[in-house]
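Presented below is the structure to which this report refers.
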Amino acid sequence: MRQRLIDAGRELFSDKEFTAVTLREIAKKAECDAGLISYYFGGKTGLFREAMSLPQDPIEVIHEAFGDGRPGAGQRVCLAVMKLWEQSTVQSYVKIYGSSILSSDDTFAVFSAWVENEMLQPMAEQLPLPRAMLRLELAFGQVVGLCSARYIFAREPLASLPRKHVAAIYGPVVDAVMFGKLPIAKTQENHAS
């Protein structure tokens, strides 16, 4: 039954936006009761993670790598994200889900709120610096750019370098935006907090 739900979820999430897929629709396709989705996966988000074959919750992986919010977090986060990506089948689904996120305001809003509320806000509370949220948004942009160049566009030589080498090179860049001085004019400071 669990595998039938995963298969049904994968098919529906590939065809429709995340927000448009209902628990009832998934259950109907899997020919089971909708309550089993919560039983097996804790809800639609858990099923989505399983359908994408992520070995771990990406939020937990990133929080663990971020640790106590001290320098060195950039390298740990880069390494953890690359490892997660390479150990899963997310590559085969990223274009489908990425286009869904970018083409739908509703799906984009859900994704954006998830990133902010589950990942960035808790990390900002641990970052002992002013403008912590801005710093984390900048770091998030760096890591997303790294993953895009390495995995989606497969830019060489970045795509074929061992992930430990990439993390050693790119980690200090991420640390620089998290822990370095932010050159923002005083008139812009209120907007950047």
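When reading the values below, keep in mind they use all heavy atoms of this one structure, side chains included, and skip hydrogens, waters and symmetry mates.
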Taking side chain as C-beta onward, heavy atoms only, is V174 less than 4.5 Å from C78?
-> yes

Stepwise side-chain contact (heavy atoms from CB on, under 4.5 Å) test for Q126 and F66 = CA-CA 9 Å; Q126 290 185 265; F66 183 73; 4.1 Å; yes

Look only at the side chain of D175 and the backbone of P71, and say whether a donor-acceptor pair between them is shorter than 3.5 Å.
-> no

Rounding to 0.5 Å, atoms CD1 (I62) and CD (E118) come to a distance of 12.0 Å

If every non-hydrogen atom of D33 is compared with every non-hydrogen atom of G35, which pair is closest and at what distance?
-> OD2-N, 2.7 Å

Could you grab the distance from atom NZ of K83 to atom NZ of K164, nearest 0.5 Å is fine?
-> 8.5 Å

Enumerate, atom names and distances included, each donor-acceptor pair closer than 3.5 Å involving a side-chain atom of residues 132-145, sequence neighbours excluded.
unit_1, atom_1, unit_2, atom_2, d
R135, NE, P130, O, 2.8
R135, NH1, M178, O, 3.1
R135, NH1, G180, O, 2.6
R135, NH2, G180, O, 3.4
Q142, OE1, Y170, OH, 3.2

What distance separates I169 CD1 from L146 CG, expressed to the nearest 0.5 Å?
-> 10.5 Å

Would you give the length of the straight line joining atom CZ of R4 to atom OH of Y40, rounded to the nearest 0.5 angstrom?
-> 9.5 Å

Roughly how far, to the nearest 0.5 Å, is CD of Q121 from CE of M119?
-> 11.5 Å

Cluster link V166 to Y151, ILVMFWY, side chain under 4.5 Å = yes

Correct closest heavy-atom pair for C32 and M1 would be CB-SD, 3.2 Å

Is there a path of hydrophobic side-chain contacts, each under 4.5 Å between heavy atoms of I, L, V, M, F, W or Y residues, that connects V77 with W85?
-> yes

Do V81 and L158 share a hydrophobic cluster (ILVMFWY, side-chain heavy atoms under 4.5 Å, transitive)?
-> yes

Before giving the answer on side-chain contact (heavy atoms from CB on, under 4.5 Å), spell out for I37 and I26 the whole-Å C-alpha distance, their side-chain angles and the decisive distance to 0.1 Å.
-> CA-CA 8 Å; I37 296 168; I26 296 166; 3.8 Å; yes

Connected via hydrophobic side-chain network under 4.5 Å: I6 and L36 | yes

Nearest heavy-atom approach of L127 to G69 is CD1-O, 3.7 Å

Enter the distance from H165:NE2 to L79:CG here, rounded to the nearest 0.5 Å.
-> 12.0 Å

Salt bridge present between R150 and E156 (N-O < 4.0 angstrom) = no

Looking only at non-hydrogen atoms, find the nearest pair between N117 and P122 and report the distance.
-> O-CD, 3.4 Å

